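Just passing along the structure, written as structure tokens.
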Amino acid sequence: MNSISGNEVVFRGFRIATMEPNPAGLKCELSNASLCDLADQTDYGMLNGTAIGVEGGKIKWLALERELDQTELTFAQTVDGAGKLLAPGFIDCHSHLVFGGNRASEWEQRLNGSSYQEIAKQGGGILSTVSATRAATEEQLFQSAAKRIDSLLREGVTTVEIKSGYGLDLDSELKMLRVANRLGAEFPVCVEATLLAAHAVAPEFKGNPDGFIQYVCDTIIPQSVEFCSAVDAFCETIAFDLAQTKLVFERAKQFELNIKIHAEQLSHSGAAALAANMGAISADHLEYLSEQDCVTLGRQGTVATLLPGAFYCLNEKQKPPVAALRENQVPIAIATDSNPGSSPVLSLLLMGNMACNLFGLTPSEAFAGMTINAAKALRLDHKIGSIKKGKQADFATWNVNSPAELVYSIGGNPSAGVYKFGKRTHF
Ligand code: NIG
Ligand code: FE
């Protein structure tokens, strides 16, 4: 007995990039035959001639179109892809989309010879965005972030992680988290909010980073629990050290929040391994990650999230150790790191291209990095990131023949429509 009722919206006529690691395990609802088209590019788990039945916002079944055609079944609605590509909605698993102001003038300073670290030490950098974010009303923050999230959504993003970290006091961090959650409520996108209070030492605690960390642990984390699913920290010479980072993560774990880390971006600190050993779901940036760290990430199942936008915009030279990540089977995700300082980026597709051209990922690795592995970086791979029975019907459809085409070209968004929970959004 199959579960086809006729109440489904059916997507058919698409070439489907399932991004399923085991496409051979995908079965036709009618005959139980394997759907895997072995002749096709298995890296993307491609399926042809397969229909997707959607009900209640979820993928209810997959079925061979030729078998469906032999039945008398009719459906609530049929969406015909006419040969277009259908892929999982993209997931931007690391962003700082909510902030006040911008830092174009610091970018100019960098081009005139100052470094990112020097600007930060002089009280600019993250702290200048902290002033602008504190000064902005909640509505102003929402309106400016709304424009940014709209750009991501038009390029097929259906889930985005958004960090706080430009408030650095309880009220302002909560203000940022509320805005992040409101974006998820008002736009056709799922938002995962992450508390990044340990981003920089708040001005009130200047010269007293330990005092600030205590405030984060005693006050900000406990009062943020209901607004976020994860806690992040920036471990770096210009931010927090290993011991301070550890305190933040221990506190987060007491509240059963996931942990994530900004690590090994500008120097090697050992923070990625520390976080992995504490059960971090992802370690992000990682240009200075060591081979031994890759062993640790692989063993712990921590996702390596690469952020080529920050690498590019800061004109960095040290590349993340992609070969060692592969050797140790570390899942690699790609994200925008969208923020006003190191990565003023609003295109995940461009990040896919940069991950290939700058870091040497293959197009299928980049594609996995924006879908199934990005889902793993948010610990949401049971719900999103691939086309599989039971997962959310979050689809991006494209006027291209192959997934590689999407990351190969730059600009000229080839979107053919985005579907969130099976419903076409306004794009
Ligand atoms: O991910 N590395 C730390 N935080 C951000 C940058 C923040 C900023 O410069 O405003 C990042 O690159
Ligand atoms: Fe970041």
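This one's a predicted model, so the numbers in the text were calculated from it and none came from an experiment. First listed ligand is number 1; within each ligand, the first listed atom is number 1.
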Would you say the side chains of E155 and S347 form a donor-acceptor pair under 3.5 Å? yes
Check: S364 main-chain N/O paired with D43 side-chain donor or acceptor under 3.5 Å: no
Shortest-distance N/O/S atom, H96 versus the Fe ion (ligand 2): NE2
Non-hydrogen atoms closer than 4.0 Å to ligand 1: which protein residues do they belong to? List them by chain and number, please. H94, H96, R103, Y116, I126, Y166, H199, F234, H262, Q265, H285, D337, N339, G341, S342
Pick out which of P320, C235, S269 makes a side chain to side chain contact (heavy atoms under 4.5 Å, CB included) with E264. S269
Of all residues at least two apart in sequence or in a different chain, which pass the side-chain contact (heavy atoms from CB on, under 4.5 Å) check with Q300? A276, N277, T296, T302
Spatial distance of atom CG (L358) from atom OH (Y312) [nearest 0.5 Å]: 8.5 Å
For NE2 in H262 and NE2 in H94, the angle at the Fe ion (ligand 2) (nearest 10°) is 90°
Does any pair with a residue in residues 368-413 pass ring-ring contact (aromatic ring centres under 6.0 Å, His included), and if so which ones, sequence neighbours excluded? F11-F395, F90-W398
Partners meeting side-chain contact (heavy atoms from CB on, under 4.5 Å) with S131 (sequence neighbours left out): none
Any N, O or S atom of D337 closer than 2.8 Å to the Fe ion (ligand 2): yes
